[in-house]
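Within every chain, numbering begins at 1; the chains are lettered A, B, ... in the order of the sequence lines, protein sequences first and strands thereafter. When reading the values below, keep in mind they use all heavy atoms of this one structure, side chains included, and skip hydrogens, waters and symmetry mates.
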Protein chains: 2
Amino acid sequence: MRYARIPDQTIRRLPLYLRALFFVAEQGQSEVSSKDLAQYVGVHGWQVRKDFSFFGEFGRPGVGYRVSWLTEQIKTILRLDSEKKAVLVGAGNLGAAVLSFSGFQKYNLAIVAAFDADAEKIGQRVSGVEIMDIACLESVSELGATLAIVTVPGEVAQDVVGQLINVGIKGILNFTSCRLIVPDQVRVTNIDIGMDLASLPYYI
Amino acid sequence: MRYARIPDQTIRRLPLYLRALFFVAEQGQSEVSSKDLAQYVGVHGWQVRKDFSFFGEFGRPGVGYRVSWLTEQIKTILRLDSEKKAVLVGAGNLGAAVLSFSGFQKYNLAIVAAFDADAEKIGQRVSGVEIMDIACLESVSELGATLAIVTVPGEVAQDVVGQLINVGIKGILNFTSCRLIVPDQVRVTNIDIGMDLASLPYYI
DNA sequence: AAGTGTGAAGCAGTTCACAGCA
DNA sequence: TGCTGTGAACTGCTTCACACTT
């Protein structure tokens, strides 16, 4: 099944497997079976094995998967084998909370700069990252950042995103409740806290 | 097609339609076509019509959908026609950012209390919500809250969630990077910022 | 003329069952 | 014996085409 077209759903599960592998490694395990890995992710063993089978033969029958090696494989597939740089735009409450978040490192991600329009905030440091003037957004290309986290007010989101694309940003994590219009080569992931909470009552 | 079993994917799109309807209403439109609504959500018109067809006949041929009426229908389906109460646990950076978020109201959601373990924070008010001692979590049942937002450190997440379920919480918005183990009647939505950002490099 | 509602076709992802390997 | 890898069956969602309504 190697080298076939990879189902989108499989790709979406890979980060979950990676997170589970971090957890398994912390427990001190060096081998893990598809069944155990599946349990941490909330799927079945056959789903795990099928997903991996699209990329090659990762495991050893009768034994399972070597945790460290599998981790590297998935990191490589997800392009997390080399460090990726991200910038944050909008250093309000939510932006500052994201800057203080320490969980990016294990994915080889680094926030290298933050931007805001508020003169009060410019020059200040939040969690070791200096807030720069949003008018200086062109410096993003020199920093080599390809990812952006957008935590600005909704009214300016589309405008900011247009500028980000101009300076070479290819992936956007959008915390505003606006649908962003971007060219095909740019990927957007939306996190809409209000909508996510509003999705729950249906199921209860 | 009315009264058939509703596809899960359809349910997941309903909050997106609702958000789009809020936007359309703000523009002052009172009617909207499936094609226009689809554009705001990023799907095709036939998808919108098919989704709505599971619930009944919502539109008028040649005209479109009445914005206000359709909004009410979707709110009813999603159980957002009456106010739902939520509590927040963990008033750190991220928790405070969520408390200051003003986008819950239009979904008929209200954060009625916040909890933290830090004695320094207890008694303080953040965005009009008083921080209470996490030891007093049982007061949640008196408040009538059924939803919870969990922004505590990962190490205590599972423990906190166990307590929340004991006091009647049925839906959880989980911001920690831990998989929560909950009974079948409890629904969890996970937001893992690190993992979400880590998903982007594959596509670029 | 414009736009909805839906049966049927097509496609993608999930699940199964089991052969094969350590 | 235990666990992986995978063709084949199955399931469910998406897409289409068009009859029907205003």
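Under the 3.5 Å distance criterion, the side-chain polar atoms of B/Gln185 are left unmatched by any main-chain donor or acceptor of B/Lys170. The closest donor-acceptor contact from the side chain of B/Ser177 to the backbone of B/Asp192 lies at 3.5 Å or more, if one exists at all.
Annotation: salt bridge (charged side-chain N to carboxylate O under 4.0 Å, His left out) contacts of A/Arg12 (sequence neighbours excluded): A/Asp8. Take B/Gln163 and apply the side-chain contact (heavy atoms from CB on, under 4.5 Å) test, not counting sequence neighbours, and it matches B/Leu137, B/Asp159. Scanning for salt bridge (charged side-chain N to carboxylate O under 4.0 Å, His left out) contacts around A/Glu31 gives A/Arg60, A/Arg66, with sequence neighbours left out. For B/Val186, the side-chain contact (heavy atoms from CB on, under 4.5 Å) criterion is met by B/Ile165, B/Ile172, B/Val182, B/Pro183, not counting sequence neighbours. In this structure, A/Arg187 has no salt bridge (charged side-chain N to carboxylate O under 4.0 Å, His left out) partners at least two apart in sequence or on a different chain. Qualifying side-chain contact (heavy atoms from CB on, under 4.5 Å) partners for B/Ala157, counting only residues two or more places apart in sequence or in other chains: B/Val152, B/Thr176, B/Leu180. Applying the ring-ring contact (aromatic ring centres under 6.0 Å, His included) test to B/Tyr202 and every residue at least two apart in sequence or in another chain returns nothing. In this structure, A/Asp184 has no salt bridge (charged side-chain N to carboxylate O under 4.0 Å, His left out) partners at least two apart in sequence or on a different chain.
Taking CG of B/Leu14 as the start and CZ of B/Phe52 as the end, the distance is 7.0 Å to the nearest 0.5 Å.
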Quick one: which protein N/O atoms are closer than 3.5 Å to N/O atoms of nucleotides 11-17 of chain C? Pair and distance per line, please.
residue	atom	partner	partner atom	Å
C/dG13	OP1	A/Asp8	N	3.4
C/dT14	OP1	A/Arg13	NH1	3.0
C/dT14	OP2	A/Arg13	NH2	2.9

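No side-chain N or O of B/Asp196 forms a donor-acceptor pair with one of A/Thr189 less than 3.5 Å apart.
At the heavy-atom level, B/Phe58 lies under 4.0 Å from the strands shown only through sugar-phosphate atoms.
In the helix from C/dA1-D/dT22 to C/dA22-D/dT1, the rotation axis of the first five pairs and that of the last five pairs differ in direction by 10°, rounded to 10 degrees.
In this structure, A/Glu57 atom CD and D/dC3 atom C1' are separated by 13 Å, rounded to whole Å.
Remark: B/Gly59, B/Arg60, B/Pro61, B/Gly62, B/Val63, B/Gly64, B/Tyr65 in residues 59-72 of chain B come within less than 4.0 Å of DNA chain C through at least one heavy atom. Taking a 4.0 Å limit (strictly below) on heavy-atom distances, residues 25-40 of chain B reaches DNA chain C at B/Ser33, B/Ser34.
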Verdict with reasoning, A/Phe104 to A/Ile111, per side-chain contact (heavy atoms from CB on, under 4.5 Å)
CA-CA 8 Å; A/Phe104 294 120; A/Ile111 300 187; 3.6 Å; yes
